[in-house]
Undergrad: 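Quick one: this structure, given as structure tokens, is what I'll be asking you about.
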There are 2 protein chains.
Amino acid sequence: MGRPVGAASSAALPRSLRSRLLEGLTPSEIEAVLAVARRQRISPNEVLQHEGDTASHLSLVVTGRAAFYKTTTDGRKLFLRWIAPGDAFGLGALLQIQQPYFMTIHAKREGCLFVWDRVSAQALASQIPQLRKNAYTIASDYVASLADALAARASQSAQQRIARVLVESARHTGRARSKGIEFALTNEELAQMADVNLFTVSRQLSEWQSQGILTKSRGKILLRAAKRLSSQY
Amino acid sequence: MGRPVGAASSAALPRSLRSRLLEGLTPSEIEAVLAVARRQRISPNEVLQHEGDTASHLSLVVTGRAAFYKTTTDGRKLFLRWIAPGDAFGLGALLQIQQPYFMTIHAKREGCLFVWDRVSAQALASQIPQLRKNAYTIASDYVASLADALAARASQSAQQRIARVLVESARHTGRARSKGIEFALTNEELAQMADVNLFTVSRQLSEWQSQGILTKSRGKILLRAAKRLSSQY
DNA sequence: CGACTGATTGACTGCCCTCAAATAGGGTGG
DNA sequence: CCACCCTATTTGAGGGCAGTCAATCAGTCG
């Protein structure tokens with residue numbers, strides 16, 4: 001479950017990690033913040049925070065990848081957005097009045113986190129006002145991206161939503177190949193992310209494949225003409 | 001367009017107004033905050049803030065009623081939520097880096113606001129940390145309600161969404177009558193709020209009317225059996 | 001070589017949107 | 001009081017997008 005790390009080991013913050021949560025903090029402030037964090041390893045499919053549980057921890061992704069989900073009343077999992085290195089979650093732990101998490105977070109790849117318990121996080125936020133400013137910025141970013149998702153869900157066709165997911169996935173998790181951009185994604189994941197039926201995804205991908213826009217194999221997609229997709233929405 | 005008000009007139013804050021924005025502030029802090037606000041009257045259908053414009057003002061609703069909308073890519077207006085007395089909007093003005101508003105706000109009834117420009121609002125937030133804490137609470141509330149709206153849109157039928165809008169409207173804007181709860185709402189408004197077609201609303205209401213759940217007249221609805229509706233979702 | 005998971009394809013269904021046309025309420029001016 | 005207009009609402013017919021279900025095929029791993 002992780003262990004406390006002393007200030008000495010706080011050099012463990014990768015130089016390459018830019019986090020909006022720690023943006024604008026002085027080196028000594030960052031050191032102080034990391035000194036009270038514990039590290040936690042994460043592995044695929046692990047649930048990092050569960051919707052409805054009390055918001056007890058604030059986390060920062062150092063490496064790996066995770067995703068926000070919201071559980072609908074009929075029990076389906078609704079994909080909301082990715083969480084990449086540098087992103088924070090569990091921001092509800094910074095609220096003055098303790099509340100439940102409103103989303104579920106699933107780890108998708110091996111990686112590690114910094115985790116603060118609520119009390120420490122609140123103490124830090126009081127000492128370092130910039131920290132709360134940053135949390136506010138991140139929260140407002142969530143508002144924007146949720147509003148976008150809502151607009152997309154309300155006004156776009158299944159085809160458009162799938163196209164969008166493909167293009168964004170290519171940007172976020174894709175690797176350049178000679179023939180295009182390749183990324184790992186099963187039809188089922190795609191269906192969750194675009195919020196459409198599994199079969200609809202399959203049919204749509206088949207069509208695009210026959211048009212030469214992409215090539216698919218089991219669990220992988222090679223996007224050959226991203227522009228022809230992004231022009232669809 | 002409003003005018004600056006001195007500290008002396010800050011007694012104008014209605015005693016009955018409880019605002020999450022000002023929660024936990026001392027009386028003298030509240031006085032200081034209101035001293036730099038200007039008052040603004042609002043009238044129905046006035047656009048109070050426009051999606052995409054630079055977030056330049058923070059506002060607090062004193063009286064009246066307004067609504068958040070998001071404009072979809074195909075030009076429709078997507079209802080997001082009500083704003084009632086005590087609610088704040090334009091929270092983007094408190095962000096460190098200036099950004100555009102991500103939503104449009106329409107006034108729906110006569111009323112008035114307190115408005116702060118970005119510079120004053122930021123200055124106040126720095127002087128009074130509680131203010132930023134409160135803004136953070138409100139922002140997180142927006143996240144929660146948007147996530148709920150998304151889940152509702154994704155998993156509920158048109159009928160369920162209409163039922164939900166009716167019940168919530170009854171709670172928020174309804175007046176008790178001998179035969180039930182009455183509130184003003186046209187089919188078109190209802191359609192926007194539930195994000196369904198105008199005709200679907202009409203048909204559904206007709207059905208419920210024939211079941212005795214409600215009575216409708218032009219622009220008004222009398223909800224007779226709210227429980228039978230809320231049990232539908 | 002099974003066993004299992006992922007993907008495909010077709011047939012069918014149904015919810016809800018679109019469009020057209022008619023009806024009704026409510027206010028205004030003569 | 002009535003004629004008129006504008007807007008809100010109704011009702012029906014038709015269609016399409018995408019979901020459901022069933023059966024089959026394909027890739028991967030032990």
Side-chain angles (χ1 to χ4, degrees), chain A residues 44-45 72-79 108 152-166 169 182-211 213-223 232-233, chain B residues 44-45 72-79 108 151-166 169 182-211 213-222 232-233:
Chain A
N45 280 325
T72 61
T73 42
D74 60 348
R76 272 167 39 230
K77 286 205 180 313
L78 192 63
F79 174 90
K108 289 289 176 180
R153 184 65 181 78
S155 74
Q156 297 187 310
S157 67
Q159 184 180 24
Q160 289 174 310
R161 296 202 302 278
I162 297 170
R164 166 185 270 248
V165 168
L166 286 177
S169 296
E182 185 182 78
F183 48 95
L185 214 52
T186 65
N187 283 5
E188 180 149 13
E189 289 170 324
L190 201 46
Q192 277 194 345
M193 291 170 66
D195 194 21
V196 294
N197 191 283
L198 175 62
F199 307 100
T200 303
V201 167
S202 176
R203 272 183 257 269
Q204 189 58 57
L205 289 187
S206 293
E207 194 186 319
W208 282 330
Q209 181 161 32
S210 74
Q211 292 172 14
I213 293 178
L214 52 80
T215 311
K216 58 188 169 136
S217 51
R218 178 174 254 237
K220 242 187 298 184
I221 292 176
L222 178 67
L223 192 55
Q232 301 216 5
Y233 58 93
Chain B
N45 279 327
T72 62
T73 42
D74 59 349
R76 270 168 39 230
K77 285 207 180 311
L78 192 63
F79 174 91
K108 289 288 177 182
R153 184 66 182 77
S155 74
Q156 297 188 309
S157 68
Q159 184 181 26
Q160 289 174 311
R161 296 203 302 278
I162 297 170
R164 164 185 272 247
V165 168
L166 286 178
S169 296
E182 186 182 78
F183 48 96
L185 215 51
T186 66
N187 283 3
E188 181 149 11
E189 290 171 324
L190 201 46
Q192 277 195 345
M193 291 170 66
D195 193 22
V196 294
N197 191 283
L198 175 62
F199 307 101
T200 304
V201 168
S202 174
R203 272 182 256 268
Q204 189 58 57
L205 290 187
S206 293
E207 195 186 318
W208 281 330
Q209 178 160 33
S210 75
Q211 291 172 15
I213 293 179
L214 52 81
T215 311
K216 57 190 169 134
S217 50
R218 179 174 255 235
K220 241 188 298 185
I221 292 176
L222 178 67
Q232 300 216 5
Y233 58 92

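All chains are named by letter (A, B, ...) in the order of the sequence lines, taking the proteins before the strands, and each is independently numbered beginning at 1.
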Undergrad: With hydrogens left out and only the distance checked, is there a donor-acceptor pair under 3.5 Å joining B:Arg218's side chain and the base of D:dT7?
TA: yes
Undergrad: Provide, to the nearest angstrom, the distance between the NZ atom belonging to A:Lys220 and the P atom belonging to C:dG6.
TA: 15 Å
Undergrad: What's the shortest heavy-atom distance between A:Ser155 and B:Asp74, and which atoms?
TA: CB-OD1, 3.3 Å
Undergrad: Within residues 194-205 of chain B, which residues have any heavy atom lying less than 4.0 Å from an atom of DNA chain C?
TA: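 Contacting residues: B:Val196, B:Asn197, B:Phe199, B:Thr200, B:Arg203.
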Undergrad: Grab the CZ-C1' distance between B:Arg76 and C:dC17 for me, whole Å please.
TA: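 Value for this atom pair: 11 Å.
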Undergrad: Is there a side-chain contact between A:Phe79 and A:Val165 (heavy atoms, below 4.5 Å)?
TA: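 No, every pair of side-chain atoms sits at 4.5 Å or beyond.
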Undergrad: Rounded to whole Å, how long is the line connecting atom CG of B:Leu214 with atom C1' of D:dT9?
TA: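 Rounding to the nearest Å, CG of B:Leu214 and C1' of D:dT9 are 14 Å apart.
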Undergrad: In whole Å, I'd like the distance from the NZ atom of A:Lys216 to the C1' atom of C:dA7.
TA: 7 Å
Undergrad: Is any side-chain heavy atom of A:Leu198 less than 4.5 Å from a side-chain heavy atom of A:Leu190?
TA: no
Undergrad: Let me know the distance between CZ of B:Arg153 and P of C:dC16, rounded to the nearest Å.
TA: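 One finds 9 Å between P of C:dC16 and CZ of B:Arg153, rounded.
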Undergrad: Rounded to the nearest Å, what distance is computed from the CD1 atom of residue B:Ile221 to the C1' atom of nucleotide D:dT9?
TA: 12 Å
Undergrad: Would you find more than 12 non-hydrogen atoms of other residues, nucleotides or ligands less than 6.0 Å from B:Glu188 atom CD?
TA: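 No, the 6.0 Å shell around CD holds no more than 12 heavy atoms from other groups.
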Undergrad: What integer distance in Å separates A:Gln160:CD from D:dA18:C1'?
TA: 14 Å
Undergrad: Please determine whether a side-chain nitrogen of the Lys or Arg among B:Asp195 and B:Arg161 lies less than 4.0 Å from a carboxylate oxygen of the Asp or Glu.
TA: no
Undergrad: Do other residues, nucleotides or ligands put more than 12 heavy atoms under 6.0 Å from A:Lys220 NZ?
TA: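 Open.
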Undergrad: From the list C:dT8, C:dC16, D:dT9, which nucleotide is the closest neighbour of the side chain of B:Ala158?
TA: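 It is C:dC16.
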Undergrad: For A:Asn187 and D:dC25, what is the distance between atoms CG and C1' respectively, to the nearest whole Å?
TA: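 Taking atom C1' of D:dC25 as the reference, CG of A:Asn187 is at 14 Å.
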